[in-house]
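Below is one structure; the comments refer to it alone.
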Amino acid sequence: MHEITPQLETIMQTLTDEGKKPSVALVKARLTSPVPMPAIIMALQAWKSGKNLPKIEVPNSTICDQQKIEQLEQQLIALTQRVAELESKGKN
């Protein structure tokens, strides 16, 4: 798990400095990693009320992008083979 509270604080402060009102959509667009919507909402509520943001942690990514691509390629190959088998059975 890694903490993203400092990143959220920075994003909301930057938006405020730019003259924008921090919102779920604006904050989510600037995040570098996926964060659950309830966590963003909780952070925004704390920010708007002037309270310290609660500690928010998200799970570390367990596989890298290259591994994800390789997994998807293997799934695509398997599915393509299944479709070909089903098509050949349907012609008989």
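- Here the CG atom belonging to Leu72 is positioned 10.5 Å from the CG atom belonging to Leu79, to the nearest 0.5 angstrom.
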Which donor-acceptor pairs under 3.5 Å do side chains of residues 42-58 form with protein atoms, sequence neighbours excluded?
from, atom 1, to, atom 2, distance (Å)
Ser49, OG, Gln45, O, 3.2
Ser49, OG, Ala46, O, 3.1

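- Residues Pro22 and Thr16 form a side-chain contact, since some pair of their non-hydrogen atoms from C-beta on lies under 4.5 Å apart.
- Residues Met37 and Met12 fall within the same hydrophobic cluster, defined by Ile, Leu, Val, Met, Phe, Trp and Tyr side chains chained together at heavy-atom separations under 4.5 Å.
- Here the CD-CD distance, from Glu18 to Gln13, works out to 10.5 Å after rounding to the nearest 0.5 Å.
- Shortest non-hydrogen contact noted between Leu26 and Lys20 is CD1-CB, 4.4 Å.
- Listed by chain and number, the residues in a side chain to side chain contact (heavy atoms under 4.5 Å, CB included) with Thr10 are Thr14 (sequence neighbours excluded).
- Here Lys68 contributes atom NZ and Gln71 contributes atom CD; the two are 9.0 Å apart, rounded to the nearest 0.5 Å.
- The structure places CD1 of Ile4 at 10.5 Å from CD of Glu9, a figure rounded to the nearest 0.5 Å.
- Residues passing the side chain to side chain donor-acceptor pair (under 3.5 Å) test with Thr5 are Glu3, sequence neighbours excluded.
- Considering every non-hydrogen atom in both Lys28 and Val35, the closest pair reads NZ-O, 3.5 Å.
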